[in-house]
Amino acid sequence: MPTTSQQVAPETVSRVRQFYAEQMQLIDDGDVAGWAATFTEDAVFSSNGLPAPGHGRAAIEAGALRAAAERRARGARHRHVQSALAVRDAGAGTLRCRSYVTVVETLPGAPPVLVAQTVLEDELVLHGGEPRVRARTVVRDDLR
């Protein structure tokens, strides 16, 4: 994260924290359409755990639907646990956010298992005061 970026107001950081809490609960609860709606129409989703980036909200949603169907077929539940969130003002209504996300999976009758530890880097834009993801990069620690 660049050190030249500007600090953001505490109320903006609070709103961003709430945004991420809601976004991660949407995907964990299986509301893929609601989760996808938190991205801009032209968003890009990249990850070292995916064969190629998803370009556009529709492609991002399609990928998430496939992953949700696979989890459902196995009876798996995922929980995304975010920590160490840093929010910086990048100017022109854009925020740069970096955090860690731990993904925990639980299968029926089994103890929870850590399935991924990641670094999440987002470019958020504010639409009417509401954050939307314009670019997301997820780097899994185990695939570096």
Side-chain angles (χ1 to χ4, degrees), residues 1-107 112-144:
M1 181 170 292
T3 57
T4 58
S5 56
Q6 299 294 316
Q7 295 291 331
V8 296
E11 57 273 9
T12 300
V13 173
S14 179
R15 179 62 198 112
V16 168
R17 286 185 192 286
Q18 183 66 25
F19 166 79
Y20 280 120
E22 292 170 358
Q23 186 191 52
M24 291 185 192
Q25 289 181 28
L26 286 167
I27 198 68
D28 288 346
D29 290 343
D31 185 354
V32 175
W35 175 82
T38 66
F39 289 80
T40 63
E41 287 291 336
D42 62 345
V44 177
F45 188 113
S46 302
S47 174
N48 64 342
L50 297 174
H55 292 274
R57 183 188 296 161
I60 293 167
E61 183 174 358
L65 282 168
R66 285 189 297 276
E70 183 275 330
R71 283 191 303 277
R72 224 178 5 265
R74 293 186 303 110
R77 299 282 319 226
H78 276 191
R79 297 290 182 235
H80 291 74
V81 182
Q82 186 183 41
S83 62
L85 175 64
V87 181
R88 296 285 183 251
D89 186 339
T94 302
L95 301 171
R96 298 227 187 272
C97 303
R98 186 174 194 271
S99 62
Y100 302 143
V101 177
T102 301
V103 182
V104 178
E105 179 176 272
T106 306
L107 295 169
V113 175
L114 172 69
V115 294
Q117 181 62 53
T118 70
V119 175
L120 176 72
E121 294 188 358
D122 277 352
E123 178 180 280
L124 300 181
V125 292
L126 301 175
H127 288 284
E130 292 299 313
R132 293 290 175 261
V133 179
R134 180 167 45 203
R136 171 165 289 174
T137 301
V138 177
V139 178
R140 287 180 42 175
D141 289 350
D142 61 321
L143 299 178
R144 289 184 179 238

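For reference, positions follow the sequence shown, starting with 1.
Donor-acceptor pairing under 3.5 Å is lacking for the side chains of Gln117 and Arg140. Defined by atom type and a distance below 3.5 Å, a donor-acceptor pair is present between the side-chain atoms of Arg134 and Thr94.
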The test is side chain to side chain contact (heavy atoms under 4.5 Å, CB included); show your working for Arg77 and Glu105 and say whether it passes.
CA-CA 6 Å; Arg77 299 282 319 226; Glu105 179 176 272; over 6 Å; no
Chi angles and distances behind the side chain to side chain contact (heavy atoms under 4.5 Å, CB included) call for Thr40, Val125
CA-CA 8 Å; Thr40 63; Val125 292; 3.6 Å; yes
For the pair Leu50 and Phe45, evaluate side chain to side chain contact (heavy atoms under 4.5 Å, CB included) and give the outcome as yes or no after the intermediate values.
CA-CA 10 Å; Leu50 297 174; Phe45 188 113; 3.8 Å; yes
Start with the C-alpha gap between Glu121 and Arg136, add the side-chain angles, then the distance that decides, and say whether salt bridge (Lys or Arg N to Asp or Glu O under 4.0 Å) holds.
CA-CA 6 Å; Glu121 294 188 358; Arg136 171 165 289 174; over 6 Å; no
Please determine whether side chain to side chain contact (heavy atoms under 4.5 Å, CB included) holds for the pair Val133 and Gln23, giving the CA-CA distance in whole Å, both sets of side-chain angles, and the decisive distance to 0.1 Å.
CA-CA 10 Å; Val133 179; Gln23 186 191 52; 3.8 Å; yes
Evaluate the criterion side-chain hydrogen bond (donor to acceptor under 3.5 Å, both in side chains) for residue pair Ser99 and Gln82; output intermediate values, then yes/no.
CA-CA 7 Å; Ser99 62; Gln82 186 183 41; 2.8 Å; yes
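Under the 4.5 Å side-chain criterion, counting only non-hydrogen atoms from C-beta, Arg88 is not in contact with Val8. A 4.5 Å side-chain heavy-atom check between Val104 and Val113 finds every atom pair outside the cut-off. Cys97 is listed as a side-chain neighbour of Tyr20, based on a closest heavy-atom distance under 4.5 Å.
For the residue pair Gly34 and Asp31, the shortest heavy atom distance occurs at N-OD1, 2.8 Å. Closest non-hydrogen pair, Thr12 versus Leu95, comes out as CG2-CD1, 3.9 Å. In terms of heavy atoms, Ala64 sits closest to Val32 at CB-CG1, 3.6 Å.
If you run side-chain contact (heavy atoms from CB on, under 4.5 Å) between His80 and each of Leu120, Thr102, Val103, only Val103 comes through.
From Glu22, atom CD reaches atom CG of Asp29 across 12.0 Å, with rounding to the nearest 0.5 Å. Atom-to-atom distance recorded for Asp122:CG and Phe19:CZ is 7.0 Å, nearest 0.5 angstrom. Remark: Arg132 CZ to Glu41 CD distance equals 11.0 Å, nearest 0.5 Å. Distance check, rounded to the nearest 0.5 Å: CG of Leu65 to CD of Glu70 gives 13.5 Å. Note: Asp42 CG to His55 NE2 = 11.5 Å, rounded to the nearest 0.5 Å. A distance of 10.0 Å separates CD in Glu130 from CD in Gln18, rounded to the nearest 0.5 Å.
Salt-bridge annotation for Glu11 and Arg15: absent, with no side-chain N of the basic residue lying under 4.0 Å from a carboxylate O of the acidic one.
Ser47 contributes a side-chain N or O that, together with a main-chain N or O of Val138, makes up a donor-acceptor pair within less than 3.5 Å. At least one donor-acceptor pair under 3.5 Å links the side chain of Thr118 to the backbone N or O of Val101. Under a 3.5 Å cut-off, the side chain of Arg96 and the backbone N or O of Ala90 do not form any donor-acceptor pair.
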